[in-house]
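Here's the structure, in structure tokens; my notes come after.
Just so you know, ligand 1 is whichever comes first in the structure, and atom 1 is the first atom listed for that ligand.
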Amino acid sequence: MLTRADLAKYPFLSEAAEYVRELGLSIDELSAPEFGLVLDRAERRLEEALSKGRVSGDVSNESAEILSFPVSNLILSLVGEERARRRFALAESKRAYGLLRQEDPEKLEYIASTTFAWKVKRLDVKLGRRFYDFALSLPDFLRNSVHLREPRWNLPNRVLDHGFVYVTRDEAARLMEEEVRTKILERSGRSPDEVPKLLGSVVERAKGLVIKWLGVPTKYELPKVPLPEAMPPCVRHIIDSLDEGKNVQHMGRFTLASFLLNIGTGEEDVVKLFKPATDFSERMTRYQVEHIGGKRGGRTKYTCPMCTTLKTHGVCFKPDEICETIRNPLSYYKAKSRTLTNEGPKREPN
Ligand code: SF4
């Protein structure tokens, strides 16, 4: 059912692991010139994951593609950085999703039932405008959809038939992405006792990449003085829109005020920023800013909404590379201000 090209596309499959085992290669043999491409690709896989959050789907060199995957995992387990492991697992699973969604249903069913041991049945059912290719057992569906936020993954929005949930082909691929992520995380957590000699410099380089792209782990601290240059794109966009006299909706205004108050901006300065708004009322604005700052009403100081909420409300604007590594505009601000000031990079205690 699976060709070598498939193993190159899906190197997390048990068949790919078997293929590597049968070659009987030791780590030391990777130093041979003919395996130079494997080590290169293994490092590139890591750098792509850390820098872009996505591993490229190029499978032109099948052997290097199959062999480099376990090598990347080994390097990561030797680096021992939880943030890097998670980022790599996510990037590889996104790559898998991009390829899986193009496969025919037979191949998806095969991978789902063999590698993932899903209970899955083929369907050929059209309900409304949706065409369902599969029915997936409820536990398999729930295990893999639990972290997916879109309403379509909520069980009340699904077709459920005798313990099986109907899914489209694309949805099956998306759920497989989750399964791939979990599998890779499990795999990269197993660390050998010592760093093989050949990989010493590779592991050091990988540690450098982690610092370069994810930063030094620090305590959760904000700079004492607000740093306008460290503001995330969404907040800068709200400020620009207000300056240009454009209408900013409630969620945008709430985000701006809560963000600024949380990074230590004074209430007067926050109020001033809203002045260019066409419907500006100083009294109302001051009241609302004080309310968000916890001086009025229930006296709760509000924090800035999460990026997922801001995306839903159309407040997220041109997210950049840092945005891929954070979940809240305040975390963006912390990450960027660290880079800009080079301050406070204290390592977290192990
Ligand atoms: S990802 Fe988050 S921080 Fe970045 S622009 Fe979107 S909402 Fe703002």
Side-chain angles (χ1 to χ4, degrees), residues 48-55 83-84 86-91 93-95 97-98 147-153 174 177-178 181 210 212-244 246-265 269-270 273-274 276-277 288-289 292-293 301-341 343-345:
E48 286 173 357
L50 294 170
S51 63
K52 299 187 213 140
R54 198 168 200 121
V55 174
R83 296 172 305 162
R86 294 195 174 280
R87 185 131 170 117
F88 179 72
L90 184 66
S93 63
K94 279 185 181 166
R95 169 188 185 270
Y97 169 60
H147 300 300
L148 305 178
R149 302 262 169 94
E150 289 166 77
R152 68 177 162 134
W153 299 109
R174 180 66 186 88
E177 174 188 332
E178 290 297 298
R181 190 166 60 87
V210 174
K212 177 178 175 189
W213 294 108
L214 305 187
V216 179
T218 62
K219 293 232 179 258
Y220 199 69
E221 258 173 25
L222 283 169
K224 301 266 180 297
V225 180
L227 268 181
E229 314 87 298
M231 285 184 190
C234 51
V235 172
R236 272 183 273 131
H237 180 62
I238 298 168
I239 295 173
D240 290 346
S241 301
L242 284 169
D243 270 350
E244 290 162 18
K246 290 185 187 157
N247 185 28
V248 174
Q249 299 297 328
H250 171 75
M251 182 53 91
R253 293 177 187 220
F254 177 77
T255 301
L256 179 61
S258 57
F259 174 87
L260 292 173
L261 291 172
N262 276 283
I263 66 167
T265 313
D269 289 330
V270 179
L273 270 178
F274 285 93
Q288 282 163 351
V289 168
I292 294 169
K301 183 172 178 180
Y302 287 84
T303 189
C304 190
M306 301 296 283
C307 296
T308 42
T309 308
L310 298 179
K311 283 177 184 158
T312 311
H313 285 80
V315 176
C316 179
F317 180 77
K318 294 191 179 167
D320 61 16
E321 272 182 359
I322 299 177
C323 291
E324 288 174 25
T325 66
I326 51 92
R327 292 191 298 167
N328 188 293
L330 288 168
S331 316
Y332 181 109
Y333 178 76
K334 276 171 224 143
K336 186 137 184 199
S337 48
R338 262 197 316 262
T339 321
L340 291 172
T341 60
E343 270 179 13

Check your understanding: Please state which protein non-hydrogen atom is closest to atom 6 (Fe) of ligand 1 and give its distance, to 0.1 Å?
Key -> C316 SG, 2.3 Å
Check your understanding: Quick one: which of L261, N262, I263 gives a side chain to side chain contact (heavy atoms under 4.5 Å, CB included) with T265?
Key -> I263
Practice item. Please work out which of the three classes, parallel, tilted or perpendicular, describes the rings of H237 and F317, given edges at 30° and 60°. Key: parallel
Point to revise | NZ/NE/NH1/NH2 to OD/OE distance under 4.0 Å, E177 and R181 | key: no
Review point. What do we get for P232 next to ligand 1 when only non-hydrogen atoms under 4.0 Å count, side chain, backbone, both or neither?
Key: side chain
Exercise for review: Please could you name the atoms of ligand 1 that F317 approaches to less than 4.0 Å, counting only its heavy atoms?
Suggested key: 5 (S)
Practice item. Could you check atom 8 (Fe) of ligand 1 against the protein and tell me its nearest heavy-atom contact, residue, atom and distance included? Key: C234 SG, 2.3 Å
Check your understanding: Between E324 and R87, is there a side-chain N and carboxylate O pair less than 4.0 Å apart?
Key -> yes
Exercise for review: Please check if atom CZ in R152 has more than 12 non-hydrogen atoms from other residues, nucleotides or ligands closer than 6.0 Å.
Suggested key: yes
Review point. When you measure from atom 2 (Fe) of ligand 1 to every protein heavy atom, which one gives the shortest distance, and what is it?
Key: C307 SG, 2.3 Å
Review point. Are any N, O or S atoms from C323 nearer to atom 6 (Fe) of ligand 1 than 2.8 Å?
Key: no
